[in-house]
Amino acid sequence: MKILVTGGTGFTGKALVKRLLEQGHQVVALDYQEGLKTEELRAWGAEVVIGSVTDKDVVRRCVQGVEVVHHLAAAFRELDVPNSYYREVNVEGTRNVLEAAGAAGVRRFIYCSTCGVHGNVDNPPGDENAPINAADYYQQTKYDAEPVVLEHHRKGLTSVILRPAAIYGPGDPERFYMIFKRVAGGTFPMFGSGKTLYHPLYIDHLVDAFLLAQEEGKGDGEAYLIADEEYVEIEDLVRRTAKALGVQVRIPHYPLWPLIIAGHVCEKVCKPFHIKPPIFPRRVDWYRQNRAFDISKARRDLGYAPTISLDEGLKRTAAWYRAEGYL
Ligand SMILES: NC(=O)c1ccc[n+]([C@@H]2O[C@H](COP(=O)([O-])OP(=O)(O)OC[C@H]3O[C@@H](n4cnc5c(N)ncnc54)[C@H](OP(=O)(O)O)[C@@H]3O)[C@@H](O)[C@H]2O)c1
C-alpha cells in the first residue's frame with residue numbers, strides 16, 4: 001500500500017516508517033524540517049516531503065494515491081511558541097489532513113492522540129470512558145482534534161483514534177532520556193511521595209497498534225488507550241531504570257509544592273525572552289499526575305498484545321543510549 005505518515009521523522013514516526021517499509025509498503029513521510037533524520041528515511045526508501053500539516057497545498061500533494069494515513073505530526077515539545085500555535089498545528093493541521101485525505105479517497109485514517117487527554121486519572125487504571133481532563137494546552141488541543149476526526153469518520157473517511165501512554169524505547173531523544181541520564185548520574189531527586197502512577201509504552205508496541213488499526217474493519221470510529229502490560233509507581237520506574245543500567249541510584253525526597261511554584265515562575269520569566277525554561281508545569285506534572293490505564297478495549301477490538309516487559313524494554317533502551325553515545 002501507499003501510506004502517509006505525518007511527523008514521519010519524529011521518534012514514533014521514524015519507528016513506524018521503518019516497520020512499514022520492512023513490510024513492503026510505499027511510504028510518504030511528511031515533516032516540518034529537513035535534517036539528518038530526513039536523509040536517513042530517504043536512504044531507507046521513503047519519500048520525504050518537507051512542509052507543515054497546516055499547508056493545504058503540501059498536504060494535498062502528500063495524499064495523492066495514498067490508502068492509509070497515520071497522522072502523528074504534532075506541536076508537542078515546543079516551548080517558545082504562543083498557545084495558539086498548538087491549536088493551529090494540532091487541531092487545524094489535523095482538520096487539514098482529514099479534508100485532503102477525504103477528498104483524495106484515502107481508505108483509513110489513524111489519528112495519534114494521547115492518554116494525556118484524561119489528565120490525572122482519579123480512579124486508576126482508567127479506561128477510554130475515564131473523564132476527559134486535559135491538564136495543559138498540548139493535551140487539550142490533542143483532544144480537541146478527536147471530534148474533528150470523528151466528524152470526518154461519519155462523513156465516510158474511516159478513522160481510528162489511538163491514545164498512547166508514555167512512549168519510550170531506542171530512539172527516544174527526550175523524555176526517558178532525561179530519566180536515564182539522571183539515574184546514570186547516581187542521584188534522582190524525587191519530588192513528592194514517588195507513588196504517582198506512570199504507564200510506559202514501549203515503542204514497538206505502539207507501532208504494532210498502528211499496524212493493527214490500519215487493518216480493514218478494526219476499531220472503526222473508536223478511540224483506544226495504548227500502553228504496556230504494566231504500570232508502575234515513578235520511584236519504582238527509577239529503581240528499575242537503575243537496574244537496567246546496572247548502576248546504584250540514590251533517591252532523596254523533597255516536597256513537591258516548591259517545584260510546582262518554580263515551574264510556573266520559570267515559565268513566566270523565560271517566555272518573554274524566548275528562553276527554554278529549565279522547569280515548567282508540564283514537566284512538574286510527571287511527579288504528580290496519575291497515569292495508569294486499562295488496555296482491555298484495544299486487546300479485544302484490535303488484537304493488541306504487548307509482549308516486551310518493562311525490564312526488557314528498559315534494558316534495550318539503556319543499551320541504545322550507550323551505543324549511541326547518549327550516556
Ligand atoms: N512521546 C510520548 O510519550 C507521547 C505520548 C502520547 C502521545 N504522543 C503523540 O505521539 C505522536 C508522536 O510523538 P513523538 O514523541 O514521536 O513526537 P516527536 O518526536 O516530537 O514527533 C512529532 C513530529 O511531528 C513533526 N511536526 C511538528 N509540527 C509539524 C507540522 N506543523 N507539520 C509537519 N510536521 C510537524 C515534528 O517535526 P520537527 O521535529 O521537524 O518539528 C516531529 O517530527 C504525537 O502526535 C504526540 O502527540 C506522544
Side-chain angles (χ1 to χ4, degrees), residues 4-18 28-41 46 48-59 61-62 69-81 84-97 100 110-119 134-146 149 161-179 198-203 205-207 209-210 223-228 282-283 285-286 289 291 293 317:
L4 170 65
V5 180
T6 70
T9 70
F11 165 44
T12 310
K14 214 176 130 188
L16 176 59
V17 167
K18 188 158 192 265
V28 182
L30 170 63
D31 223 302
Y32 206 32
Q33 297 171 51
E34 194 68 61
L36 283 178
K37 288 186 187 170
T38 46
E39 279 315 303
E40 204 176 344
L41 257 63
V48 181
V49 177
I50 303 296
S52 173
V53 289
T54 57
D55 182 328
K56 285 192 190 311
D57 289 339
V58 172
V59 172
R61 204 152 32 90
C62 287
V69 173
H70 292 282
H71 179 48
L72 280 65
F76 179 28
R77 307 181 199 280
E78 286 80 355
L79 294 169
D80 183 19
V81 292
S84 57
Y85 181 78
Y86 279 85
R87 181 153 301 278
E88 203 181 300
V89 175
N90 296 351
V91 184
E92 296 314 316
T94 300
R95 190 191 310 278
N96 198 25
V97 181
I110 293 99
Y111 169 56
C112 184
S113 181
T114 172
C115 73
V117 302
H118 296 289
D136 57 49
Y137 211 70
Y138 158 72
Q139 294 173 349
Q140 186 62 50
T141 54
K142 290 295 286 186
Y143 177 69
D144 289 346
E146 290 194 9
V149 173
I161 297 169
L162 302 184
R163 294 178 184 158
I167 312 164
Y168 80 105
D172 172 15
E174 287 262 344
R175 194 172 357 183
F176 271 72
Y177 173 52
M178 288 189 300
I179 301 172
Y198 194 60
H199 209 150
L201 167 58
Y202 190 65
I203 182 76
H205 295 154
L206 179 55
V207 172
F210 278 115
Y224 295 95
L225 282 159
I226 305 295
D228 280 357
R282 217 161 102 197
R283 188 158 288 171
D285 281 347
W286 189 81
Q289 240 182 43
R291 292 190 186 172
F293 300 101
T317 310

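It should be emphasised that the depicted structure is a prediction, and the values quoted were computed from it without experimental measurement. Order of listing sets the numbers, starting from 1, for every ligand and every atom in it.
Residue contacts with ligand 1: F11 is placed with a nitrogen or oxygen under 3.5 Å of a nitrogen or oxygen of the ligand (distance criterion only). Ligand 1 has a nitrogen or oxygen under 3.5 angstrom from a nitrogen or oxygen of V53. Residue T54 has no nitrogen or oxygen atom sitting less than 3.5 Å from a nitrogen or oxygen atom of ligand 1, judged on distance alone. Between L72 and ligand 1, at least one N/O pair is under 3.5 Å apart. At least one N or O atom of G10, backbone or side chain, sits closer than 3.5 Å to an N or O atom of ligand 1. Distances between N or O atoms of C115 and those of ligand 1 include no value under 3.5 Å.
Y138 counts as a contact of ligand 1, since one of its heavy atoms falls under 4.0 Å from the ligand. At a 4.0 Å cut-off, at least one heavy atom of S113 sits close enough to ligand 1 to count as contact.
Which of G171, G13, C112, S52 comes nearest to atom 30 (C) of ligand 1 through a heavy atom is settled by distance: it is S52. When the heavy atoms of A75, A166, A74 are ranked by distance to atom 27 (C) of ligand 1, first place goes to A74.
Nearest heavy-atom pair, D228 versus Y202, reported as atom, atom and distance to 0.1 Å: OD1-N, 2.9 Å. Closest heavy-atom contact between S52 and V59: O-CG2, 3.9 Å.
At least one donor-acceptor pair closer than 3.5 Å links the side chain of Y111 to the backbone N or O of K142. Within the 3.5 Å criterion, the main-chain N or O of A73 finds a donor-acceptor partner in the side chain of T6. The closest donor-acceptor contact from the side chain of N90 to the backbone of A74 lies at 3.5 Å or more, if one exists at all. In this structure, the side chain of H199 does not engage the main chain of A166 through any donor-acceptor pair within 3.5 Å.
Using cut-offs of 30° and 60° for the angle between ring planes, the Y198 and W286 rings count as perpendicular.
From the protein, the heavy atom lying nearest to atom 2 (C) of ligand 1 is R175 NH2, 3.0 Å. Residue, atom and distance of the protein heavy atom nearest to atom 25 (C) of ligand 1 are D31 OD1, 3.3 Å.
Among Q289, R163, Q139, the single residue meeting the side-chain hydrogen bond (donor to acceptor under 3.5 Å, both in side chains) criterion with H118 is R163.
Close approach of ligand 1 to T9 (heavy-atom distance below 4.0 Å) involves ligand atoms 43 (O). Atoms of ligand 1 found under 4.0 Å from any heavy atom of Q33 (numbered from 1 in listed order, with element): 38 (P), 40 (O), 41 (O). Shown in contact with A165 at under 4.0 Å from a heavy atom are these atoms of ligand 1, numbered in order with element: 3 (O), 5 (C), 6 (C). Of all atoms in ligand 1, listed by their number and element, those nearer than 4.0 Å to a heavy atom of G51 are 32 (N), 33 (C). Heavy-atom proximity to K142, at under 4.0 Å, picks out these atoms of ligand 1: 44 (C), 45 (O), 46 (C), 47 (O).
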